[in-house]
Amino acid sequence: METILIPEIIRKKRDGHALSSAEIQRFVEGVTSEEVTDAQIAAFSMACIFQDVSFQERTDLTLAMRDSGRVLRWDAQLLGGPVLDKHSTGGVGDTVSFVLAPILAACGGFVPMIAGRGLAHTGGTIDKLEAIPGYNTAPSEDRFRAAVRDCGFAIAGQTADFAPADRRMYATRDVTATVEQYGLITASILSKKLAAGLGSLVMDIKVGNGAFMTDLHVARELSDSLCTVGTQAGMPTEALLTDMSQPLANSAGNGLEVLEAMAILRGEISTGRLYEVTKALAIRNGRQAGLFQTDQEGAKAVDRALASGTAGEHFNRSIAAMGGPMDLLSNPHHIHVAPIVKPVYAEEADWGKYAAEVQTRQLGLAVVDLGGGRTRAGQDIDHAVGCVDWMRLGAKANRETPLAVVHARTEADFARAAARIRGAFRFTEETEETAGPVVIEHLTA
Ligand code: URA
């Protein structure tokens, strides 16, 4: 067979022609074998930015990237339930995974969750798990598989042999201003989810000033791409667009978010934005995978899983199976807390006024200021620091109600974070209709 030359593939894309499956496969194989250079990845990605990538090309790229490394295969019949997961585009206080996965496990599903680290102002599930003493985020495949089988879910970090073509392409896109291409984003996210062997997926697409996407139209366009391509690639995919114009959880910071998730699993919190989004995702996930026939049935099952403590039991078992404490849920003191815990209040001039807007990204960056996130890849982080009890939009500022309670390592860190938090809120004399619904839209392929 005639060899397809890599520069010809790039040229074809550059000139606006659609690539065949064979050409895409050839390019991705070249990326994995390192025959394709970083410069060629950059040129290809930039050509995609200018010429776009059709849905067929996106599907071919997704499948080729999935097959560039190890692909987990699960037998849903042997397991006794469907293999499913969600993926979030990230935000501040997005600690859904720690509640959702045990709920789905309690409802009869199996969740092999391959998660990532924090990026910029957003937290990462793997960093949060590392707040749990002993938890192994890089287990062997056998241990991961056993935890999923026995506990209904397990969460681990992405290893180098999962979609390695994506790893190279993403790293090059990151430094060549080519991340923002829906086709490339779609293939990057879905190839990893397909490599985890999922039967179905729900995307949680965050929209608002704490998310990577602030515009609803853009979020819809990406959702359409993910739902269509995921479904075409054999993994039925749906999306919920959810609000990120204020933090999702009442906390932000690695250990603090795990503690909040645990409070939901213990049944101590059954309202609020985090609870609502988690429940909506659980219902969608469960309906899509056939665990529930109607939303009402799903809602009841989710309530039961939490109220009966079954979701909590799955959580404890999975944490222990991955090397964490056996009794984390009943003994949250395993998670370390920071030495300085102090409230930060609005400026006196704003007392009596209402919180009309908050720059959520700045709140995430306050956690980074505290040492709870990274300013460069590979940096160590402090799992104990962060903030709790965010002031919600529409609430009134005064001398008793803080904007947040900061958990800091030092007084200087506290002062820096406090200044950033104060600067992030805008207050008005009258209350404004600011907080819209937290679940905005449901989209399918
Ligand atoms: N997250 C990913 O995993 N890939 C992208 O391309 C963008 C966000």
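Just so you know, these numbers come straight off a predicted model, no measurement behind them. Below, each value reflects all heavy atoms present in this structure, side chains not excepted, and no hydrogens, waters or symmetry copies. Just so you know, ligand 1 is whichever comes first in the structure, and atom 1 is the first atom listed for that ligand.
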TODO: Would you mind listing which atoms of ligand 1 come within a distance below 4.0 Å of any non-hydrogen atom of Ser188?
DONE: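 Checking each atom against Ser188, I get 2 (C), 3 (O), 4 (N), 5 (C), 6 (O).
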Open item on the list: With heavy-atom distances below 4.0 Å as the criterion, list the atoms of ligand 1 near Lys192.
Closed with: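 This gives 2 (C), 3 (O) as the contact atoms.
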Task: No-hydrogen, no-angle side-chain donor-acceptor test under 3.5 Å, Ser97 and Lys128 - done: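 The answer is no; no qualifying pair exists.
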TODO: Classify the side-chain pair Asn209/Ser245 by whether it contains a donor and acceptor separated by less than 3.5 Å.
DONE: no
Open item on the list: Could you work out, for atom 1 (N) of ligand 1, the closest of Tyr182, Tyr170, Phe212 by heavy-atom distance?
Closed with: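 Nearest option to atom 1 (N) of ligand 1, by heavy atoms: Tyr170.
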Task: For Glu35, salt bridge (Lys or Arg N to Asp or Glu O under 4.0 Å) partners two or more places apart - done: Arg26
- [ ] Could you tell me which residues satisfy salt bridge (Lys or Arg N to Asp or Glu O under 4.0 Å) with Arg361, sequence neighbours excluded, listed by chain and number?
- [x]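 Once residues adjacent in sequence are excluded, Arg361 has no partner under the salt bridge (Lys or Arg N to Asp or Glu O under 4.0 Å) criterion.
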